[in-house]
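A short worksheet on the structure shown next.
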Amino acid sequence: MDTTTNKLFVYGSLRKGFKNPAYEYLSSYFTYSGEGKVKGIFYEKENILVAVPTNEKHYLVGEIYTLNNLDEFSWAFEQLDDYEGLHVLAGEQPLYQRKLVEVIQNDKLETVWVYWYNGRVEGLPRVETGDLLQYVMDRK
């Protein structure tokens with residue numbers, strides 16, 4: 001596992017605007033580094049949006065976080081892996097996968113970790129928004 005990249009991009013429930021209890025964990029090990037965007041697309045699956053990478057010029061907006069202590073890389077990311085459903089029983093498929101991706105922040109590219117949906121999206125409705133937080137706020 002590449003531990004030289006200590007940054008994380010979040011586009012969903014871990015963004016501070018969602019006020020998810022898991023954000024407390026995130027903010028205790030990571031420091032907010034600003035907003036950014038990655039190439040990705042949302043699809044609707046069972047009333048939730050899932051994101052997958054794309055080569056299209058379609059972006060997901062989110063937040064970038066930097067791990068406070070590189071010595072805690074394994075521990076900190078293992079906890080996030082658990083939250084994102086990467087730890088499964090034998091024979092089960094993880095819900096998400098953690099991948100390195102290029103994020104654009106202030107017109108500069110940087111490599112960060114992101115969690116992508118690990119299932120099939122064929123046949124699922126594509127959602128054109130690139131901002132999950134705004135999408136949820138608009139639906140209230």
Gap separating the OG1 atom of Thr129 from the CG atom of Leu49, nearest 0.5 angstrom: 8.0 Å
Verify same cluster id: Trp116, Val10 (apolar side-chain graph, 4.5 Å): yes
Gap between atom OH of Tyr115 and atom CD of Glu84 - 0.5 Å precision: 6.0 Å
Side-chain donor-acceptor contacts of residues 35-42 below 3.5 Å, not counting sequence neighbours, with atom names and distances?
none

Name every donor-acceptor pair, under 3.5 Å, that has one atom in a side chain of residues 18-26 and the other anywhere in the protein, sequence neighbours excluded.
residue: Asn20; atom: OD1; partner: Ala22; partner atom: N; Å: 2.8
residue: Asn20; atom: ND2; partner: Tyr83; partner atom: OH; Å: 2.8
residue: Tyr23; atom: OH; partner: Tyr65; partner atom: OH; Å: 3.3
residue: Tyr25; atom: OH; partner: Ala76; partner atom: O; Å: 2.9

Close aromatic pair by centroid cut-off 6.0 Å: Phe77 and Phe30: yes
Thr66 backbone acceptor or donor facing Asn6 side chain under 3.5 Å: no
Student check: side-chain heavy atoms of Leu109 and Ile104 closer than 4.5 Å: yes
Nearest atoms (heavy-atom pairs only) where Glu92 meets Val88: O-CG2, 3.3 Å
Gap separating the CG atom of Asn68 from the OG atom of Ser27, nearest 0.5 angstrom: 9.5 Å
Lys45 to Tyr117 six-membered ring, cation-pi geometry met (6.0 Å, 45°): no
Shared hydrophobic cluster, Val101 / Val50 (ILVMFWY, side-chain heavy atoms < 4.5 Å): yes
Pairs touching residues 108-128 that satisfy salt bridge (Lys or Arg N to Asp or Glu O under 4.0 Å), sequence neighbours left out: Lys7-Glu110, Glu56-Arg126, Arg120-Glu122, Arg126-Glu128
Side-chain heavy-atom pair Leu14, Leu80 within 4.5 angstrom cut-off: yes
Tyr135 reachable from Tyr43 in the ILVMFWY side-chain graph, under 4.5 Å edges: yes
Cluster link Val127 to Tyr59, ILVMFWY, side chain under 4.5 Å: no
Value rounded to 0.5 Å, distance of CG in Leu86 from CD in Gln93: 10.5 Å
Val61 vs Arg15 side-chain heavy atoms within contact, under 4.5 Å: yes
N/O donor-acceptor pair under 3.5 Å between Gln105 side chain and Ile64 backbone: no
Connected via hydrophobic side-chain network under 4.5 Å: Leu124 and Val52: yes
Under 3.5 Å donor-acceptor, Asn118 side chain and Pro94 backbone: yes
Step-by-step side-chain contact (heavy atoms from CB on, under 4.5 Å) determination, Asp81 to His87: CA-CA 7 Å; Asp81 288 352; His87 300 146; 3.9 Å; yes
Geometric class of the Phe73/Trp113 ring pair [parallel <30°, tilted 30-60°, perpendicular >60°]: tilted
